[in-house]
2 protein chains.
Amino acid sequence: MQRVTIADVARHAGVSTATVSRALSGGRKVSSDVAERVREAARELGYEVNPIARALRVSRTDTVGMVVPSIRNPFFTALVESVEHALGADGKELLLCDAQSDPATEAKRLDALVTRNVDGIIVSPCHGTDSTPAVQRTAERLPLVQLDRFVGGTSTDWVGVDDIAAMRAVVEHVRDGGARSAAYLGARLTNSSSELRHAGFLRHADEIGVETGPQWTLLGDYSVEWGERAVGLLADSGRLPDALVCADDLIALGAVRACRTRGITVPDRIQVTGFDNIEFTRLAEPPLTTVDQPTRRIADEAVRLLGDAAGGPAARDAAHVALVPKLVVRDSTRTG
Amino acid sequence: MQRVTIADVARHAGVSTATVSRALSGGRKVSSDVAERVREAARELGYEVNPIARALRVSRTDTVGMVVPSIRNPFFTALVESVEHALGADGKELLLCDAQSDPATEAKRLDALVTRNVDGIIVSPCHGTDSTPAVQRTAERLPLVQLDRFVGGTSTDWVGVDDIAAMRAVVEHVRDGGARSAAYLGARLTNSSSELRHAGFLRHADEIGVETGPQWTLLGDYSVEWGERAVGLLADSGRLPDALVCADDLIALGAVRACRTRGITVPDRIQVTGFDNIEFTRLAEPPLTTVDQPTRRIADEAVRLLGDAAGGPAARDAAHVALVPKLVVRDSTRTG
DNA sequence: AATTCACGGGCAATCGATTACACCGACGTC
DNA sequence: GACGTCGGTGTAATCGATTGCCCGTGAATT
């Protein structure tokens, strides 16, 4: 039951612990016969380094912390899965925290991760301004990359998609489908992606002459319920636009559902689009046109950036990597 | 930038490190004025214990490892969220691993967690027999509780729901809705819940006189695609049963979707049930009748068991906690 | 008054690995 | 033949906290 330590291996191989360490972790050269003898001894005894002891000595834990607003949201789930996958390839572990969409909880979790000496932190901050202090002070102590969303007032690495470009693709697509007007169902502008998607929508709709309006801009939160409710508000308020551009898939799923129950046909009477391409968009009635987020690439990029930053803190300028997302056309919009 | 150590605090407060440790962690008594001085010094310097150093000394990490077959599956996502929540209350962190539904990966992750000295492991094994060796040897070294599923040939703590009882409720419910026959759309019997749900279905259908049959028992995997495909097979094979009892919600979602596209009305022509009560069952057309898994309570119970086991390993008999799940009736079945 | 005893506190070992430094023999150079 | 040099190895310090053991003090007990 007692763990095998490096001293046991040393004794068994008839060398010092220093040699064992060097033979196994390869710090400096060791003659090949001794190295072989050590490896042999280690194998026989079933030795494995104790990561705790190593971490204490070298202050590196091979562990990355990740904080997401809510793992319940399938988009973040996909992100977590991708990050876990990317880390696994590097032999690193993932310490996962859920911020419960609350900046205070988020701050606590970030501090806990710093205290735990993780090698780096991947965070999708839940709030654009309230999350700033915690993210800021965390980034001063550790390599940190923000994912998808980012907070104002700091400059750390960031990886996400180009929300503005994505929204242009969406608006042009529904215009091509014949929409002359569009409503925006979004989330309150408390974080960067909410803001950018909203801004991108308005800007491009304006540019290509799709009618919008304040009464057609409804901001709530990222949830199915809000999507349903927003359609209710819209329907009760008089004139209906030709398209509903939603800030994420949950809202869009709610919107589509509300349309069905009210007898508003999708996409014939009204086109609907989502954002994120979560798995269940395929299952909606009708399947949702949406914007695919390349979570795999986002995660890979984030892990790569963390690795780079491991060298020196803030040794280089912050990198902002904006991937270009793809529009996924399904049946909730008209084509041709 | 340098971290504050216990020695700094000791110097600042004019006492020894031993006293600081005792004053803060309260191992032994310290006079109240000294304690106050130490706390004051710690506060001023912004001292926080180094969990790595402590872990090395006391071999306890305040970290729990969790391994799930696939975090992509919303049921496991919910479980992870609940566990994270329950641990947070205890000031413990969660080391999350995804086994990618592969026993070999699962084994690797379990070993990694053991090596990392987590205090305990929560695992939902992906395979009923292939996962046994890894779970077995892990349980010999650490407190371990299995969640939802369990492997054969070991006896560790387990928390889940009573699948058999759940299936009785399901079968009786569709019978009450008028079904005289039912097909079972499940997953290959490679793990305990697959087996138990299948067995429960057959047993109770038989008992209450609902017709079943080998041609109406289709086993694939837990996925939407399989649900769709299975309905295709069923439809092509001649006679359709009055109900489709599915082993999980993903299958049921696929089934409902396939029924729609084939013009088989749900629930009028055929009733459909799911299992797990994942969030998207509400969104299906029609919303799915399913079995609710009390993930919160499952997680709480699991964390509690881990805590108990922390004392001595195998100091007591393995506990098997089977919670009784609730049937959630929606519109994919007939009532009355 | 002598002996215990409880209490509060310090010294130093300890957890298990890494690594700076010292050492030693062999080899090459002048 | 004396003197670097270099590759390989060992010794011991180190990371930061916890804790077994010991000591001195003052109160309680006999």
In this structure, are over 12 heavy atoms from other groups packed under 6.0 Å from A/R304 atom CZ? yes
Nearest heavy atoms of A/W158 and A/D148, plus distance in Å: NE1-O, 3.2 Å
Report the residues that fulfil salt bridge (charged side-chain N to carboxylate O under 4.0 Å, His left out) with B/R72, sequence neighbours left out, ordered by chain and then residue number. A/E81
Look at A/R137 together with A/E140 and state whether they make a salt bridge at an N to O cut-off of under 4.0 Å. no
Near DNA chain C, under 4.0 Å by heavy atom, which residues of residues 44-54 of chain A? A/Y47, A/E48, A/V49, A/N50, A/A53, A/R54
Closer than 3.5 angstrom, by distance alone: can the side chain of B/S192 be matched with the main-chain N or O of B/F150 as a donor-acceptor pair? yes
Can you measure B/N117 atom CG to C/dA17 atom P for me and round it to whole angstrom units? 11 Å
Please report, rounded to the nearest Å, how far the C1' atom of C/dA17 is from the CG atom of B/L56. 8 Å
Write down the protein N/O and nucleotide N/O pairs, taken from nucleotides 7-12 of chain D, whose separation is under 3.5 Å; answer none if there are no such pairs.
from   : atom 1 : to    : atom 2 : distance (Å)
D/dT9  : OP1    : A/S31 : OG     : 2.9
D/dT9  : OP2    : A/S31 : N      : 2.9
D/dT9  : O4     : A/R28 : NH2    : 2.1
D/dG10 : OP2    : A/S16 : N      : 3.0
D/dG10 : OP2    : A/S16 : OG     : 3.1
D/dG10 : OP2    : A/T19 : OG1    : 2.5
D/dG10 : N7     : A/R22 : NH2    : 2.8
D/dG10 : O6     : A/R22 : NH1    : 3.4
D/dG10 : O6     : A/R22 : NH2    : 3.0

CZ (A/R297) with more than 12 external heavy atoms under 6.0 Å: no
Run the side-chain donor-acceptor check on residues 7-15 of chain A: report pairs under 3.5 Å with partners two or more places apart or on a different chain.
from : atom 1 : to    : atom 2 : distance (Å)
A/D8 : OD1    : A/R11 : NH1    : 3.4
A/D8 : OD2    : A/T5  : N      : 2.9

For B/D102, what residues pass the side chain to side chain donor-acceptor pair (under 3.5 Å) criterion, not counting sequence neighbours? B/T105
Without decimals, in angstroms, what is the distance between A/R60 CZ and C/dG16 P? 20 Å
Would you say the side-chain atoms of B/T63 pair up with the backbone N or O of B/T61, donor to acceptor, closer than 3.5 Å? yes
Side-chain (B/E106) to main-chain (B/C126) donor-acceptor, under 3.5 angstrom: yes
Contact letters for nucleotides 23-28 of chain C, in which S counts primed atoms plus P, OP1 and OP2 and B counts the base, heavy atoms under 4.0 Å: ------
